[in-house]
Amino acid sequence: MNRRLLVSVLLLLVTAGMVWGAPQKRKSKSKNEKDYAHYVTVWGGAGYGSLYHNAPDWKALGGPGAEIGVGYEYDKKNFIFHTGLEMQYIMSISRLRNSFRENVDFLYTPLPDYTLAYHYDFTSFKDTEHALMLNLPILAGCRFAQDWFFTAGVRVGFGVFGQANANANVQVTFTDPVFAEDVDQGHYAGWYAVKDRMPLRLGLNIAPSAEIGRYLNKHMRLSIFGECNVLNMNHTATDQPLLDMAAMSRPDNIQVHSLFCSDKMADNKVHNFMVGARFTYLIALEKEKPAKKHTHTTSKPKPKTTPKPATKPTPASETTPAPEDTIRFGDMVVKKDEAVVLANLMFEFRTANIIQESTQQLQTLLDMMLTRPDIHIRIVGHTDNVGTDAFNDRLSLQRAEAVKQYLTDHGVAAGRITTEGRGSREPIDTNNTDEGRQHNRRVEFTVISQ
């Protein structure tokens with residue numbers, strides 16, 4: 001991302017906030033307006049960040065970023081001042097745009113004073129940088145349009161931790177002075193994957209920052225923000241090339257430097273920037289002022305009296321009749337619109353054939369339907385998650401239809417029963433164990449009218 005473009009976006013945010021955020025007379029007080037001014041704030045955020053640079057032949061891709069902080073805020077009469085301490089983490093990635101070659105001469109030990117010229121062709125080189133900064137935000141702004149707010153200022157900080165991980169793929173060939181041509185086999189020639197980890201020394205950063213968002217209630221707000229450091233924060237650059245030839249004792253002992261620790265960054269500055277979303281929780285340091293009580297001087301308020309109950313409540317007893325939406329039949333208690341599982345009702349494996357020895361509760365349902373001809377029910381079949389969704393939907397409906405067929409074969413009118421198959425979409429237990437899957441394979445019925 002072009003740093004000038006990012007700075008332009010931040011300036012646009014600042015200008016827009018100053019225009020929109022100008023204090024204005026409001027007709028009514030917002031429900032999120034506060035009667036106190038001093039707060040402890042706790043916030044966290046996440047977004048996209050980068051350690052941006054202009055190293056030739058390299059591309060800064062950026063990566064994820066996160067932050068967490070605690071601070072103090074003054075918020076009164078549309079004016080906001082905010083400060084505190086914040087830890088900010090950014091992971092950035094730099095990639096080589098084009099391949100490059102480095103040459104190193106090594107003595108061919110079997111022969112005296114016989115030198116082979118080794119060629120190191122880097123086809124890919126990725127540098128992953130990790131930076132942890134401690135920041136001091138100094139921001140000021142205002143509230144506008146009821147529950148919206150805007151702040152702008154700077155974040156002053158320094159790097160407390162930095163690390164760069166270099167990963168490269170390199171092809172090694174050599175030139176024999178006798179044949180004067182590249183040789184890609186033998187004498188350490190071949191392909192190598194090279195890795196290295198190096199610490200980064202990160203310096204001071206001063207980042208203009210802007211934030212705009214909305215209060216969700218008196219103590220929470222959500223916002224978007226952007227910030228970009230104007231100083232060079234990389235203090236690790238050296239005069240060493242990417243391929244550390246001085247540290248190589250033999251051709252296959254390949255030593256590389258991180259981009260940030262090499263001569264490629266000697267004349268290039270590194271600027272960290274981040275854009276993202278932030279959530280803030282505000283804890284008031286003062287008690288909220290109580291609302292003023294309005295009194296009338298024309299008449300004295302009447303004393304409050306507690307009304308006495310007209311009749312003494314009668315405690316419930318076992319003889320109290322069941323509610324109209326509850327049906328009691330033997331040991332079965334059924335409430336209208338509440339699903340009841342037909343316990344211990346089993347089917348043959350992967351079929352809708354009912355095992356006759358498991359029809360005890362099904363017989364109880366049949367007796368209830370014959371005794372109460374005013375009852376209509378819905379039967380729903382369920383399966384576990386073994387098999388395809390289409391197969392389970394079909395099997396669950398077939399098992400519900402099998403229960404309906406059992407009831408109609410024994411005298412229940414078919415018009416009093418509806419069926420559904422819901423497959424494995426409504427489990428009541430885990431599908432990771434045999435016992436859980438057995439619980440999920442069930443048939444339920446629900447009284448829908450009576």
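Here the structure is a predicted model, which means the values were calculated and not measured.
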Would you confirm whether Q361, through its side chain, and A343, through its main-chain N or O, come within 3.5 Å as a donor-acceptor pair? yes

Summary of salt bridge (charged side-chain N to carboxylate O under 4.0 Å, His left out) pairs that have at least one residue in residues 255-272, sequence neighbours excluded: none

Partner set under ring-ring contact (aromatic ring centres under 6.0 Å, His included) for F100, not counting sequence neighbours: F122

Flag the pair Y215 / W148 as yes when their ring centroid distance falls below 6.0 Å, and as no otherwise. no

Y89: what forms a ring-ring contact (aromatic ring centres under 6.0 Å, His included) with it, not counting sequence neighbours? none

Quick check with a 6.0 Å cut-off and a 45 degree axis cone: is R278 positioned over the face of F225's six-membered ring? yes

Would you tell me whether S223 and E211 have side-chain atoms, one donor and one acceptor, within less than 3.5 Å of each other? yes

The criterion is ring-ring contact (aromatic ring centres under 6.0 Å, His included); which residues satisfy it with F106, sequence neighbours excluded? Y118

If you measure from the Lys or Arg side-chain nitrogens to the Asp or Glu carboxylate oxygens, is any gap between D337 and K335 under 4.0 Å? no

According to salt bridge (charged side-chain N to carboxylate O under 4.0 Å, His left out), does anything in residues 387-397 pair up with another residue at least two apart or in another chain? List the pairs. D393-R425

I'd like to know if the side chain of R441 reaches the main chain of F347, judged simply by a donor and an acceptor atom lying under 3.5 Å from each other, with no hydrogens or angles considered. no

Only pairs under 3.5 Å count here: list side-chain donor-acceptor contacts from residues 189-203, not counting sequence neighbours, and write none if there are none.
residue	atom	partner	partner atom	Å
Y192	OH	Y188	O	2.9
R201	NE	H235	O	3.3
R201	NH2	H235	O	2.5

Measure the shortest side-chain to side-chain distance between W43 and E67 over non-hydrogen atoms and say whether it is less than 4.5 angstrom. yes

Do N229 and N272 have side-chain N/O donor and acceptor atoms under 3.5 Å apart? yes

Do F144 and F150 have ring centroids that are under 6.0 Å from one another? no

Can you find a heavy atom in the side chain of F158 that is under 4.5 Å from one in the side chain of L134? yes

Give every donor-acceptor pair under 3.5 Å between a side-chain atom in residues 164-173 and any protein atom, sequence neighbours left out.
residue	atom	partner	partner atom	Å
N165	OD1	Q163	NE2	3.3
N169	ND2	S124	OG	3.1

Going by the salt bridge (charged side-chain N to carboxylate O under 4.0 Å, His left out) test, which pairs reach into residues 89-104, not counting sequence neighbours? R101-D121, R101-D182

N385 and N392: side chain donor to acceptor below 3.5 Å: no

Sorted by chain and residue number, the salt bridge (Lys or Arg N to Asp or Glu O under 4.0 Å) partners of R155 (sequence neighbours excluded) come out as E86, E227

Show every ring pair (Phe, Tyr, Trp, His ring centres under 6.0 Å) that has at least one partner inside residues 236-268, sequence neighbours left out. H53-F260

Please identify each residue that fulfils ring-ring contact (aromatic ring centres under 6.0 Å, His included) with H119, with sequence neighbours left out. none

Salt bridge (charged side-chain N to carboxylate O under 4.0 Å, His left out) contacts touching residues 125-142 (sequence neighbours left out): none

